[in-house]
Amino acid sequence: MPEQRNYFEEVYEVVRLVPKGRVTTYGAIARYLSLRAGARMVGWAMNGSHNYPNVPAHRVVNSVGVLSGKHFFGGPTIMQQLLEDEGVAVVDDRVVDFEKRLWDPSLELTL
DNA sequence: GGAGTGACAAAAC
DNA sequence: TGTTTTGCCACTC
C-alpha cells in the first residue's frame, strides 16, 4: 500500500534533515508543518519510524529536551547512546545545552 | 463502522 | 500559579 500518510512523511523528512549532533522537538516539527498541536502525530509517526529508513527518531525530544520515547528504542539507554555517539551530551534523560542543540526547522530551513 | 488511544504542546480556567 | 482540557491525524481494537 502506498504511503498516503502525508504528515508522517513530512515528519520523517524533517527528522532526516536534522543535522548530526542536533536535536529537534515535536512542537518544532508540528509548527513547521503548520500543525496547531499535532505534536502527538509527530510522536506517533516516530512510533512507525522503524518502517522507514534513516529516521533518527532519537534526535526528536519533547519541548524541554527530555528523551520522552527513549523506552521505545528497544532500551531505555539506546536513545541516549545514539545521541552521545553523535556528540550530544545527555544527562538525566535530558539534552545538555538543549537550547543550543535545538534545531528548529522553521528557523534553520527559514521557510 | 465506531470509539479509543498515542513518544506532545499550548491555551484555558 | 498550577492543574485541567482541548487539538490534531493515524492506527488499533
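From a predicted model like this one, the values you see are computed outputs, not experimental measurements. A note on names: the letters A, B, ... follow the listed sequences, proteins ahead of strands, and every chain is numbered from 1.
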Atom-to-atom span, [atom1] of [X] to [atom2] of [N] - whole angstrom:
X: Leu102(A); N: dA9(B); atom1: CG; atom2: P; result: 11 Å
X: Tyr52(A); N: dC11(C); atom1: OH; atom2: P; result: 8 Å
X: Arg40(A); N: dG4(B); atom1: CZ; atom2: C1'; result: 11 Å
X: Leu67(A); N: dC8(B); atom1: CG; atom2: C1'; result: 14 Å
X: His71(A); N: dG6(B); atom1: NE2; atom2: P; result: 14 Å
X: Arg31(A); N: dA11(B); atom1: CZ; atom2: P; result: 10 Å
X: Glu9(A); N: dC11(C); atom1: CD; atom2: C1'; result: 16 Å
X: Met41(A); N: dA10(B); atom1: CE; atom2: P; result: 16 Å

In this structure, are over 12 heavy atoms from other groups packed under 6.0 Å from His50(A) atom NE2?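 More than 12 heavy atoms, drawn from other residues, nucleotides or ligands, come within 6.0 Å of this atom.
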Report yes or no: do [X] and [Y] belong to one cluster of Ile/Leu/Val/Met/Phe/Trp/Tyr joined by side chain heavy-atom distances under 4.5 Å?
X: Trp103(A); Y: Val95(A); result: no
X: Val18(A); Y: Leu33(A); result: yes
X: Val42(A); Y: Val61(A); result: no

Touch check for Asn62(A), heavy atoms < 4.0 angstrom, all strands: base, sugar-phosphate only, or nothing?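 Counting heavy atoms under 4.0 Å across all strands, the contact made by Asn62(A) is with sugar-phosphate only.
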Between Arg22(A) and Glu108(A), is there a side-chain N and carboxylate O pair less than 4.0 Å apart?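 Judged by the 4.0 Å cut-off on N to carboxylate O distance, Arg22(A) and Glu108(A) do not form a salt bridge.
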Using the test side chain to side chain contact (heavy atoms under 4.5 Å, CB included), find all partners of Ala28(A) that sit at least two apart in sequence or belong to another chain. Thr24(A), Thr25(A), Asp104(A), Pro105(A)
Short of 4.0 Å, heavy atom to strand atom, which residues of residues 13-26 of chain A count as contacting DNA chain B?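 Result for residues 13-26 of chain A: Tyr26(A), sorted by number.
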When you match Trp44(A) and Val64(A) each to their closest nucleotide on DNA chain B, which lands nearer the 5' end? Trp44(A)
Short side-chain N/O contact from Ser63(A) to OP1 or OP2 of dA9(B), under 4.0 Å: yes
If you measure from the C1' atom in dT3(C) to the same atom in dA7(B), how many Å do you get, rounded? 22 Å
N/O donor-acceptor pair under 3.5 Å between Asp97(A) side chain and Arg101(A) backbone: no
